[in-house]
**Q** 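Take a look at this one; I'll ask things after.
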Amino acid sequence: MKKSMIIALAGNPNSGKTTIFNELTGMRQHVGNYPGVTVEKRSGELDHKDYHIEIIDLPGIYSLTAFSEEEIVSREFILESSPDVVINIIDSSNLERNLYLTVQLLELGVPMVLDFNMADVAKKRGMKVDKKLLSELLGMPIVETIGPRGDGIDELLDAAIGVVQRKDKKRIEISYGDEIENELEKIISALSRDFDMEKGTGSRWFAVKLLEQDSEVEKRLRGIDEKKFQNLKEAVTNSINHINNIMRDSTEVLIADSRYGFIKGALHEAHEEADTDNTDITEKIDSILTNRFLGIPIFALILWLMFQFVFTIGKYPMDWIGIGFEKLSILLNSVISHQLLRSLVVDGIIGGVGGVIVFTPNIALLFFSIALLEDSGYMARAAFVMDRVMHRVGLHGKSFIPLIIGFGCTVPAYMGSRILENKKDRLITMHINTFCSCGARLPVYILLAGTFFPAIAGNIIFSIYLIGIIFAIIMAKVLRATRFKGEMEPFVMELPSYRIPTMKGILIHTWERVWMYVKKAGTIILAISILMWIMFTFPIISESEYSEDYILQMDELQRSHEAGDITEESFLSEISIIEGKMEAEKLEFAVAGRAGKFIEPVFRPLGFDWKMVVASISGMAAKEVIVSSFGTLFSMGEADETSEGLQEKIKANYHPLVGYNFMLFTLLYFPCLASMAVFRKEAGTKEMLFQMAYTIALAWAVAFIVYQIGRLFI
Amino acid sequence: MFGRKRKARRAIGYRSIPMTLADAMPGREYRILKINGGHKLNSRLYAMGLMPDEKFMVYTSSRGGPMIIVVKGSRFALGRYMTGKIIIEEV
């Protein structure tokens, strides 16, 4: 029987932590979320020697303050789940900054192993470390690794097990200088008196955090005893004022200074920095990629290449999957004899789920590209380059990426919003993403613009895209000023050194996303598809309820065909006209048709009739479905955006103004239910409902104004 | 607007207004004197190595836009909200 232990990985962003995690666990990874927050929780398992080890990859952080969700999550995990060992991964070429987190972890009192990662880079730069001495000074073992090559991974695990087995636990304490230590002493006494805390590492950590005015720690103590906390808070405030007065500097600076002092002291003895010229390759690349004039054109070029890659190459596997589903439909059509069941499987399930699965290659290629940009270090530069432009709109430089993806498909765009660490930035970006008109809406524009404005269809479609972008900008500003008020997250971001990404890392990342997407198609989208099918099928019209006796008409046609009165060709076309009429009446009779008629009055002021309403309802499943719905509604049977019969019917029924208005409406209301399912997963039910409600309201309002004003001129 | 004010200041040689990172010129070395953020933001910046007394190089700056600086061997991009909050002096 193997013994089990838990190891947590902690480290700065860009310390190569993810590479180490991938090396440790390979494909045996699990991605979830920490409860209540959007921070990803990655874990994996492995066996080493006598141990079965669970590895938790904590998010990349610079410190253990309460600045971001990531920091709070990491801290809570270490405090609450008390892992057996924390492996702190360090960028060996940047020891001083990286060790700042180490010192804070040390103060938490967890058993630790230091992983000096990217040892090769440090060596190349001529840095020398006396590992033995430094390990003594810090009170923890040090192991060197080279992440992408997997060097030192076994030694790392050996060291972790060694720490767990060792009995005598040596504690290194950072001294903050007499003044602060005196005040810490007082706070620790108060903590042990009022909050039953043992004097020791734990209460010392709480005391330091109180001096740092850490909001989470305050909240926790307040939760234990409000009144005692107030007294404590008063004492802490006095302490802070006292320190500030005597030292003539703020407590945070003094505390941070002591930590850096401790690090510098240790490094001074055990570390030798070479005097090599640090003008490395990163600097050279950056002088081009972040250049004032070249930066944006280069970014545009990279995006263009990415789009080509995702949509041009993705087109082939997409077509194969499409053909596969078509073949499957034909097969099932002949296999399933029960008419209703066949319709459910072929029209409902394959039509719905298949329509989503078809996008899988796009999703895979897209996340492959994103992982490539992220892991190489370019993403941070893209954010830097775009920050100035996006800032004017009240957004973050990184917001640009999901917004651009949204022109392809909104589903990966919502998933891509994760690159925004700040919640407000992320939510605003997600809420306006729908106005970047996705590819599924294009068939609708082609149909209507081609119908009403054949000579200038291109310009009309362009105007719709442009209006979308204008609304994105307006709504970003409105949302920033209302629901997501407050100063923007200050833009501070480390620009990591450029490096060649590992294939393993990129593939793992891509696979995770693709799997998440496919799982969604199999569950929530399946359910939605069935629901839509029910709405468009039931109640079923009986023969006597048709407005004309179609069966009789068909029989007559059959007879005259057999008698040789009409040609084969005209027989088939007559039959399909009748079938089309029957389909239209079936739909009119079903829940969807009735609902369309019922809510028609609401859409009358926009110039829409019930058919447009039904088409819009069906568009919730996927917007390209609007086109085929029009086909059914105008009894055209199977139709696509270029079929002339359908165009004539539509032209005869609606004024061009209504046609344009319908395009606007299609542009503005939320993309589709599949995307809403992803939205819910990323941002929660409340935000999803807000997205649906406000986009429908906005679409209605805009279409109302356009129609009512436009009517005056026609 | 921002730029004009700065130019005017330089022309008069008015030195009592503290210099912020927004005024820094690329290629030169400066020292951080103070960071006027809340304690949360300050703690975060300290953890990233942006501390009072720390010297740094300005790498790229575009007027009114974000800039890149090099501190403790790491490069950071800072947005313009930030740059106005960091008080510096030339070394």
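Chain identifiers are assigned alphabetically (A, B, ...) following the order of the sequence lines, protein sequences preceding nucleic acid strands; residue numbering begins at 1 within each chain. Here the structure is a predicted model, which is why all the values come from computation and not from measurement.
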**Q** Can you tell which part of Leu45(B) gets under 4.5 Å to a heavy atom of chain A, answering side chain, backbone, both or neither?
**A**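 Side chain only.
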**Q** What's the separation between atom NZ in Lys34(B) and atom CG in Asp249(A), rounded to the nearest 0.5 Å?
**A**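 Between Lys34(B) NZ and Asp249(A) CG, I get 9.0 Å after rounding to 0.5 Å.
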**Q** Looking at CG of Asp257(A) and CD of Glu54(B), how far apart are the two atoms once the value is rounded to the nearest 0.5 Å?
**A**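 Nearest 0.5 Å value for the CG-CD distance: 9.5 Å.
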**Q** Of the backbone (N, CA, C, O) and the side chain (C-beta and beyond), which part of Met48(B) lies under 4.5 Å from a heavy atom of chain A, both, or neither?
**A**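 Both parts, backbone and side chain.
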**Q** Could you pull out the closest heavy-atom pair between Gly79(B) and Asp387(A), with the gap in Å?
**A**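 Residues Gly79(B) and Asp387(A), closest heavy atoms: CA-OD2, 4.2 Å.
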**Q** Nearest 0.5 Å, what's the OG1-CZ distance between Thr290(A) and Arg75(B)?
**A**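 It is 7.5 Å, given to the nearest 0.5 Å.
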**Q** So what's closer than 4.5 Å to chain B heavy atoms on Arg381(A): side chain, backbone, both or neither?
**A**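 Just its side chain gets close to chain B.
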**Q** Are Glu283(A) and Val70(B) close enough, and set up right, to give a side-chain contact (heavy atoms from CB on, under 4.5 Å), and what steps lead you there?
**A** CA-CA 10 Å; Glu283(A) 203 158 304; Val70(B) 180; 5.5 Å; no
**Q** Given heavy-atom pairs under 4.5 angstrom as the criterion, report whether the side chain, backbone, both or neither of Ser93(A) touches chain B.
**A**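 Looking at Ser93(A), nothing touches chain B.
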**Q** Does the structure place the NZ or CZ of Lys72(B) under 6.0 Å from the centre of the six-membered ring of Tyr260(A), at an angle of no more than 45° from the ring's axis?
**A**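 Cation-pi check for Lys72(B) and Tyr260(A): passes.
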**Q** Quick check for you: to the nearest 0.5 Å, what is the distance between Glu252(A) atom CD and Leu41(B) atom CG?
**A**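 With rounding to 0.5 Å, CD (Glu252(A)) is 10.0 Å from CG (Leu41(B)).
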**Q** For Ser74(A), which residues count as a side chain to side chain donor-acceptor pair (under 3.5 Å) partner, sequence neighbours excluded?
**A**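 Not a single residue meets the side chain to side chain donor-acceptor pair (under 3.5 Å) criterion with Ser74(A).
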**Q** Mind ranking Asp91(A), Leu101(A), Val389(A), Asn94(A) by heavy-atom pairs under 4.5 Å with chain B and telling me who comes out on top?
**A**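 The answer is Asn94(A).
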**Q** Nearest 0.5 Å, what's the CZ-CZ distance between Arg97(A) and Phe76(B)?
**A**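 If we round to the nearest 0.5 Å, Arg97(A):CZ and Phe76(B):CZ are 4.5 Å apart.
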**Q** List the residues meeting side chain to side chain donor-acceptor pair (under 3.5 Å) with Tyr30(B), not counting sequence neighbours, and say none if there are none.
**A**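 Checked Tyr30(B) against side chain to side chain donor-acceptor pair (under 3.5 Å); zero matches.
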**Q** Of the listed residues (Asp286(A), Asp214(A), Thr65(A), Asn12(A)), which shares the most heavy-atom pairs with chain B below a 4.5 Å separation?
**A**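 Most pairs with chain B among the choices: Asp286(A).
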